[in-house]
Amino acid sequence: MEISVSLLDGQKQRAKFGSLEVISDQSINAGGGAEHPEPFDYFLVSMVLCAGFYARKFCEQREISTEGMTLTQNNENIDEEGKKLFSIEINLPDGFPQKYKKALIAAVNTCTVKKVIQAQPEFSVVVK
């Protein structure tokens with residue numbers, strides 16, 4: 001998938017991919033207007049959104065209600081080199097079958113975003 005980024009006014013940027021677009025901005029301290037999430041914020045939120053997708057799919061396949069289910073992600077620095085710990089807490093809805101807790105965790109751990117990060121992708125930047 002190709003993603004095309006255009007620089008907008010101030011520190012805003014527009015990323016287009018397919019028929020969709022995402023706008024980012026920067027904090028006021030970084031010269032932006034703080035009108036949209038910063039690029040790194042989109043990265044962080046992509047992990048918990050992906051986890052939520054897999055949690056929902058797991059429940060749908062077993063006809064388990066997701067009403068009231070929430071996921072919370074915390075992001076912590078764990079050392080001076082910048083290594084981070086991303087932890088996701090799943091708050092289960094009332095009546096969630098206890099026998100499926102471990103299987104739900106296994107399903108959420110199949111998140112595509114997590115797998116890409118764990119594979120340590122390589123990056124290439126070129127100027128044309």
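This structure is a prediction, so every number in the text was calculated from the model and none was measured.
With rounding to the nearest 0.5 Å, the separation of SG in C59 from CD in E67 is 12.5 Å. Rounding to the nearest 0.5 angstrom, the gap separating the SG atom in C111 from the CD atom in Q118 is 9.0 Å. Separation of atoms CE (M47) and CD (Q73) is listed at 4.5 Å; rounding is to 0.5 Å. For the atom pair I105 CD1 and Y100 OH, the distance stands at 15.0 Å (nearest 0.5 Å). Rounded to the nearest 0.5 angstrom, K16 NZ and S4 OG are separated by 8.0 Å. Here L44 contributes atom CG and F86 contributes atom CZ; the two are 5.5 Å apart, rounded to the nearest 0.5 Å.
At a threshold of 4.5 Å between non-hydrogen side-chain atoms, the residues V116 and P121 count as touching. The shortest side-chain heavy-atom distance between Q13 and I23 does not fall under the 4.5 Å cut-off. A heavy-atom distance below 4.5 Å is found between the side chains of F17 and V22.
The two atoms that bring S65 and P93 nearest to each other are O-CG, 3.3 Å, heavy atoms only. Taking every heavy atom of both residues into account, G32 and D25 meet most closely at CA-OD1, 3.6 Å. Listed here is the closest heavy atom pair of P39 and Q26: CD-NE2, 3.3 Å. Closest heavy-atom contact between M69 and A55: SD-CB, 4.0 Å.
Taking the six-membered ring where the residue is Trp, F43 and F40 present tilted rings, their angle falling between 30° and 60°.
Side-chain atoms of K83 and N77 form no donor-acceptor pair, as typed in the model, at a separation below 3.5 Å.
With respect to the salt-bridge test (charged N to carboxylate O, under 4.0 angstrom), the residues K84 and E76 do not qualify.
Both Y42 and I3 belong to a single network of hydrophobic side chains, linked directly or stepwise wherever heavy atoms of I, L, V, M, F, W or Y lie under 4.5 Å apart. Residues L49 and F53 are members of separate hydrophobic clusters, defined by side-chain heavy-atom contacts under 4.5 angstrom among Ile, Leu, Val, Met, Phe, Trp and Tyr. I88 and V113 end up in different hydrophobic clusters when Ile, Leu, Val, Met, Phe, Trp and Tyr side chains are linked at under 4.5 Å. A continuous path of ILVMFWY side-chain contacts below 4.5 Å connects M1 to L20, so both sit in one hydrophobic cluster.
With sequence neighbours left out, the side-chain contact (heavy atoms from CB on, under 4.5 Å) criterion links T110 to Y54, K115.
Applying side-chain contact (heavy atoms from CB on, under 4.5 Å) to I90 and the options T72, T70, L104 leaves one that passes, L104.
For CG of D94, the number of neighbouring non-hydrogen atoms (other residues, nucleotides, ligands) closer than 6.0 Å is 12 at most.
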Check your understanding: Going through the checks in order, is the side-chain contact (heavy atoms from CB on, under 4.5 Å) test met by E38 and S27?
Key -> CA-CA 7 Å; E38 294 184 29; S27 68; 3.2 Å; yes
